[in-house]
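What follows is a single structure, written as structure tokens, with notes after it.
Only a predicted model underlies this, so the values are computations on that prediction, with no experimental measurement involved. What's counted below: heavy atoms across the whole structure, side chains too, no hydrogens, waters or symmetry copies. Every chain is numbered from 1, with letters handed out A, B, ... down the list of sequences.
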There are 2 protein chains.
Amino acid sequence: MSPRSSHETARVIPEATVARLPVYLRALTGLAEQGIATCSSEELATAAGVNSAKLRKDLSYLGSYGTRGVGYDVEYLRYQIAREIGVTHEWPVVIVGIGNLGHALANYSGFRSRGFRVVALLDADPARHAEIVAGVAVRPFADLDAVVHEHSVAIGVIATPPTAAQDVADRLVEVGITSILNFAPGVISVPEGVAVRKVDLSIELQILAYHEQRKAAGDPDAVDPAVTFPAAGGDK
Amino acid sequence: MSPRSSHETARVIPEATVARLPVYLRALTGLAEQGIATCSSEELATAAGVNSAKLRKDLSYLGSYGTRGVGYDVEYLRYQIAREIGVTHEWPVVIVGIGNLGHALANYSGFRSRGFRVVALLDADPARHAEIVAGVAVRPFADLDAVVHEHSVAIGVIATPPTAAQDVADRLVEVGITSILNFAPGVISVPEGVAVRKVDLSIELQILAYHEQRKAAGDPDAVDPAVTFPAAGGDK
DNA sequence: TAGATTGTTAATCGATTAACAATC
DNA sequence: TAGATTGTTAATCGATTAACAATC
């Protein structure tokens, strides 16, 4: 036995692998829904849109959850990945900025089934405070502190206009939020130790435009970006 | 002079660089709006949330658009990057699936200013066909072919429920769309030569949950993912 | 035992970074 | 000329991939 505890999690999982674990989790859920009990790395890789060598390498960072000659037990592997990601319990999240996008996020049913629960919707505009979206009341942004402490919220979503994003981020950090998903265009800066991920619709379209333009120019090297960079659907 | 034409674009730009060009473009637009005419790589890097060595390396793939000892002309560099990305003219796009998210996308004003114009909103549900969103009428999905050919659309956005996504993708490809931005969870498969990018809200949250969990576990190696993987806001 | 498939190794490829010569 | 800053080199780091020994 190793000198470390058996409930060991000290192995470092590469960031590229971390970003794919949720993809594998979703693929496994899909297989389970089809009533498939066992799968090979090849089958799971196809379902997840990656190649099987990469899948096996990724899974090897978590442990040995497969059986040589047989494959993986879908339910068992699903649980192990969920545990590794940390979505065996629900994470409370707050959404700030209940405009068009905030509405869409609040109504997104996929959050609940994937480990997240929207505990509060906050907006600075008093005109929105009457509203109830997806069963949750829109509250003043000033309620942030109370909400975060009441529900022990660690994750915040920014869906405000870009001009408000940095102020909102500062306030989120002040009240103890340590992970932020930012939908507002532009860079927000946060202290060390606070995680930020960014979703930017125009940037995604511009990346597509670049490749589209190369194709239009008849460039023989214009490749399918789906096979090359982040979480895209293409296989290879 | 090189043996190739002077209107040369044959240099291959790494995918990681391509994904950052839109970030630089946005940062330059921000500087221009502040009335700043010239900036150093250090200043632009800060505004874009990257380090200056990476910025200069990235820009070097486009050409030599700076002046040693001085820096970059904001307006000139902005134009050069816009040209490289291909957003000096507008790209017509169609959005398929006008639910909550489709509405939010249709209303997103940022598209227009960043090189995209929504020329059609399509939905399979006849109940939605009466509606006009952001000045654009919602039309039957069957109109896809007509719309795409009328406006020479190359880019399609999928905002349908996950069950419809693959069928919609197949149809988009059939009518000649070669770039797809997919908001529906799950993998869609497309033929070689069609570019797909994917935005998945739950996956982003799950990546944050993973890091949040590591922090909670008191893991000393738990790092800020903002500094590590794709287009995130953190500087370093 | 024979066939199948994992988990791991090692080679390759691509991205990042620091340092600095070139040059304004 | 002296100071500033780019563009590029080269070293390092991390991610991907093919191949295969281990083993069910």
Side-chain angles (χ1 to χ4, degrees), chain A residues 11-21 23-24 28 36-46 48-74 76-77 80-81 221 223-232 234-236, chain B residues 11-21 23-24 28 36-46 48-74 76-77 80-81 221 223-232 234-236:
Chain A
R11 46 184 180 250
V12 171
I13 301 183
E15 194 57 32
T17 297
V18 169
R20 283 187 296 263
L21 292 180
V23 179
Y24 302 152
L28 284 163
I36 296 171
T38 299
C39 68
S40 66
S41 63
E42 196 63 59
E43 289 162 331
L44 180 53
T46 300
V50 302
N51 75 44
S52 64
K54 190 190 280 180
L55 170 71
R56 288 199 301 279
K57 181 76 172 157
D58 283 341
L59 293 183
S60 76
Y61 293 112
L62 312 194
S64 287
Y65 296 132
T67 308
R68 289 168 204 240
V70 178
Y72 301 92
D73 180 280
V74 170
Y76 179 64
L77 183 59
Q80 293 299 339
I81 293 177
D221 285 338
V223 227
D224 185 345
V227 302
T228 48
F229 220 62
D235 194 2
K236 177 53 182 302
Chain B
R11 53 188 172 242
V12 171
I13 301 183
E15 194 57 31
T17 297
V18 169
R20 282 187 296 262
L21 292 181
V23 179
Y24 302 152
L28 284 164
I36 296 171
T38 298
C39 66
S40 67
S41 63
E42 196 63 57
E43 289 162 331
L44 179 54
T46 299
V50 300
N51 75 45
S52 65
K54 191 190 279 180
L55 170 72
R56 289 198 302 278
K57 181 76 174 156
D58 283 340
L59 293 183
S60 76
Y61 293 111
L62 312 194
S64 288
Y65 297 132
T67 307
R68 289 170 203 238
V70 178
Y72 302 93
D73 182 282
V74 170
Y76 179 65
L77 183 59
Q80 292 300 338
I81 293 179
D221 285 340
V223 228
D224 186 345
V227 302
T228 48
F229 220 59
D235 193 3
K236 176 56 182 299

C/dA4: pairing nucleotide in any strand, Watson-Crick or G-U under 3.5 angstrom: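 Paired with D/dT23.
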So which nucleotide does D/dA15 pair with, by the Watson-Crick or G-U wobble rule with both distances under 3.5 Å?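 Base partner found: C/dT12.
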What's the [atom1]-[atom2] distance between [X] and [N], to the nearest Å?
| X | N | atom1 | atom2 | answer |
| --- | --- | --- | --- | --- |
| A/Glu15 | D/dC13 | CD | P | 18 Å |
| B/Leu62 | D/dT8 | CG | P | 11 Å |
| B/Leu59 | D/dT6 | CG | C1' | 10 Å |
| B/Glu42 | C/dT17 | CD | P | 13 Å |
| A/Glu43 | C/dT5 | CD | P | 8 Å |
| B/Leu44 | D/dT5 | CG | P | 14 Å |
| B/Asp73 | D/dT6 | CG | P | 13 Å |
| B/Leu55 | D/dG7 | CG | C1' | 11 Å |

Walk me through whether A/Leu77 and A/Leu44 qualify under side-chain contact (heavy atoms from CB on, under 4.5 Å). CA-CA 11 Å; A/Leu77 183 59; A/Leu44 180 53; 3.8 Å; yes
Determine the minimum heavy-atom distance between [X] and [Y], stating which atoms define it.
| X | Y | value |
| --- | --- | --- |
| A/Ile36 | A/Thr38 | CG2-O, 3.2 Å |
| B/Tyr65 | B/Gln80 | OH-OE1, 3.3 Å |
| B/Ser40 | B/Tyr72 | C-CD1, 4.3 Å |

Which comes earlier along DNA chain C counting from the 5' end, the contact point of A/Val70 or that of A/Ser60, where each point is its nearest nucleotide? A/Val70
If you assign A/Thr67 and B/Arg68 each to the DNA chain C nucleotide with the nearest heavy atom, which residue ends up on the more 5' nucleotide?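 Here A/Thr67 is the residue nearer the 5' end.
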Does [X] make a side-chain N or O approach to OP1 or OP2 of [N] shorter than 4.0 Å?
| X | N | result |
| --- | --- | --- |
| B/Tyr61 | C/dA15 | no |
| B/Tyr72 | C/dC24 | no |
| A/Arg56 | D/dT16 | no |
| B/Ser41 | D/dT5 | no |

About how many Å separate OH of B/Tyr76 and CG of B/Leu28, when rounded to the nearest 0.5 Å? 13.0 Å
Closest nucleotide of DNA chain D for A/Lys54 versus for A/Gly69: which of these residues is on the 5' side? A/Lys54
Could you please name the option among D/dA10, C/dT6, D/dT17 that lies closest to any side-chain atom of A/Asn51?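 Per side-chain heavy atoms of A/Asn51, the pick is D/dT17.
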